[in-house]
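Here's the structure, in structure tokens; my notes come after.
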Amino acid sequence: MSVSNLQIRKDGRLRHFLSTEGLNRGLLTEILDTAESFAGVTEQSVKKVPLLRGKTIVNLFFEASTRTRTTFELAAKRLSADVLNINIGASATVKGETLLDTLRNLQAMHVDMFVVRHADSGTAHFIARHVLPHVSVINAGDGRHAHPTQAMLDMFTIRREKGADFGRLSVAIVGDIANSRVARSQIHALNLLNTGDVRIIAPRTLIPSHIESLGVRVFHDLREGLRDADVVIMLRLQRERMKGTVIPSEHEYYQLYGLTEEKLSMARPDITVMHPGPINRGVEMDSQVADGPRSVILQQVTYGIAVRMAVMSMAMQQKHSQDGDA
Ligand code: NCD
């Protein structure tokens, strides 16, 4: 079964959320619109809606995470679901239990949704292929492959900052594209939303081959690539995924690709500066920029809750009317 069929129900609604690739503009817009209504809920003093009352959601994290796991947990709680956090690195797999046995045991406890993070690309898809028909799977990051809720919270941030017409925007993604699941999910989402100009800025060693086939423009010079950009998304150097030496030194990388006020002056004066976190200050960006007036890095974290609420409620809502529709 293809990726898109696995994610989308026969009637076109969301079943799992595994990657932005293979989705369509209508579904992405529905996620953004639904998140917009939840953003209001999270700003109230009583931050809860009863949409997922009685549902059980398991955060199944095989890889360390702070903000992603926490915002998924808060999103589930604000939807009134019961949520369980399982750090598998510290439990079952070290005892030799297979992934499928772990899943079967959790399903025996009547779980309704798995939120999965794993160091291996394809894990969320694998799990989605094996869950019971009523269970939904959300990918919270798999290897270098995809991190679709991060991409959608980034699209939500861009829409809030720049308006809904992506067609007139120039968006630059800077840094370790080769090792980034975030970049891949962002590029597919930006393309589906018909973004006018998507740019990749990075040294040759951090750009995957054939990236141009995704319809992006490639730059190796940060100043040149930032010219007249509306939005810049900085990425962390994913050292844990690098094989061998692909960058000379962090100092040299910062000289060439670190975002400073001076380099930012090449872009539009109202440029929006983003980063999925965690930031390496003084490596991919200067503190002055990270904490400056054009940075929306903390808003991204806040919006992450509303976007995750949207994705979870959309995938679960269909469950009521679509039980048995695998
Ligand atoms: C990203 C991730 O884990 O892929 N971070 C995140 O979800 N907040 C990016 C990164 O680790 O650099």
Side-chain angles (χ1 to χ4, degrees), residues 17-21 31 35 59-76 85 87-89 115-125 138-158 172-190 200-203 206-208 232-243 246-247 250 253-254 257-259 273-285 289-290 295-312:
F17 194 45
L18 306 174
S19 66
T20 50
E21 185 180 8
I31 292 171
N59 272 335
L60 206 50
F61 276 58
F62 297 83
E63 200 190 71
S65 162
T66 312
R67 84 209 72 212
T68 302
R69 195 197 52 69
T70 312
T71 50
F72 265 113
E73 181 176 351
L74 282 174
N85 293 304
N87 179 357
I88 292 288
V115 177
V116 184
R117 169 169 287 203
H118 201 287
D120 294 339
S121 300
T123 304
H125 288 77
I138 311 280
N139 185 3
D142 63 324
R144 294 184 179 81
H145 173 244
H147 192 355
T149 58
Q150 177 68 47
M152 290 314 293
L153 77 87
D154 295 331
M155 298 307 114
F156 186 83
T157 308
I158 294 173
I173 304 173
V174 183
D176 187 0
I177 317 292
N179 295 298
S180 175
R181 53 195 174 205
V182 174
R184 251 168 277 271
S185 288
Q186 288 167 336
I187 293 168
H188 289 296
L190 287 165
I200 293 302
I201 310 172
L206 294 182
I207 295 186
V232 60
I233 304 174
M234 304 303 295
L235 299 173
R236 184 175 65 87
L237 284 179
Q238 318 250 323
R239 289 211 168 272
E240 71 276 21
R241 296 195 198 119
M242 287 180 191
K243 291 193 184 80
V246 290
I247 54 159
E250 286 190 348
Y253 180 83
Y254 179 69
Y257 293 100
L259 193 60
V273 175
M274 297 170 51
H275 192 305
I279 311 173
N280 289 312
R281 291 170 184 265
V283 180
E284 60 260 359
M285 70 201 303
V289 177
S295 162
V296 293
I297 295 171
L298 291 178
Q299 282 96 312
Q300 287 175 263
V301 178
T302 305
Y303 297 154
I305 300 172
V307 168
R308 289 174 173 130
M309 285 171 82
V311 171
M312 286 171 153

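Order of listing sets the numbers, starting from 1, for every ligand and every atom in it. These figures come from a predicted structure and were not determined experimentally. Position 1 is the first residue of the sequence; numbering continues from there.
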### Query
Should the pair His118 and Phe62 be assigned to parallel (<30°), tilted (30 to 60°) or perpendicular (>60°) ring geometry?
tilted
Closer than 4.0 Å to some heavy atom of [X] - which atoms of ligand 1 meet that?
X      : value
Thr68  : 6 (C), 7 (O), 8 (N)
Arg67  : 8 (N)
Val182 : 1 (C), 4 (O), 9 (C)
Gly277 : 1 (C), 5 (N), 6 (C), 8 (N), 9 (C), 10 (C), 12 (O)

### Task
If you have a sec, work out which protein heavy atom is nearest atom 3 (O) of ligand 1 and how many Å separate them, to one decimal?
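That would be Arg181 NH2, 3.0 Å.
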### Summary
Filtering Glu284, Arg236, His147, Arg117 for the heavy atom nearest atom 12 (O) of ligand 1 leaves Arg236
### Task
Indicate yes or no: does an N/O atom of Pro276 lie under 3.5 Å from an N/O atom of ligand 1?
yes
### Message
For His147, run the side chain to side chain contact (heavy atoms under 4.5 Å, CB included) check against Leu153, Thr20, Thr68 and tell me which one passes.
### Response
Thr68
### Query
Can a cation-pi geometry be assigned to Arg117 and Phe61, taking NZ or CZ under 6.0 Å from the six-membered ring centre and within 45° of the ring axis?
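That pair does not qualify as a cation-pi contact.
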### Task
Would you please name every residue forming a side-chain hydrogen bond (donor to acceptor under 3.5 Å, both in side chains) with Glu73, sequence neighbours left out?
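Glu73: side-chain hydrogen bond (donor to acceptor under 3.5 Å, both in side chains) contacts with Arg69, Lys77, Asn85.
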### Query
With sequence neighbours left out, what residues match Ser180 under side-chain hydrogen bond (donor to acceptor under 3.5 Å, both in side chains)?
none
### Query
Does the Arg184 side chain pair with the main chain of Ala178, one donor and one acceptor, at a distance under 3.5 Å?
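The answer is yes, because a donor-acceptor pair under 3.5 Å joins these two groups.
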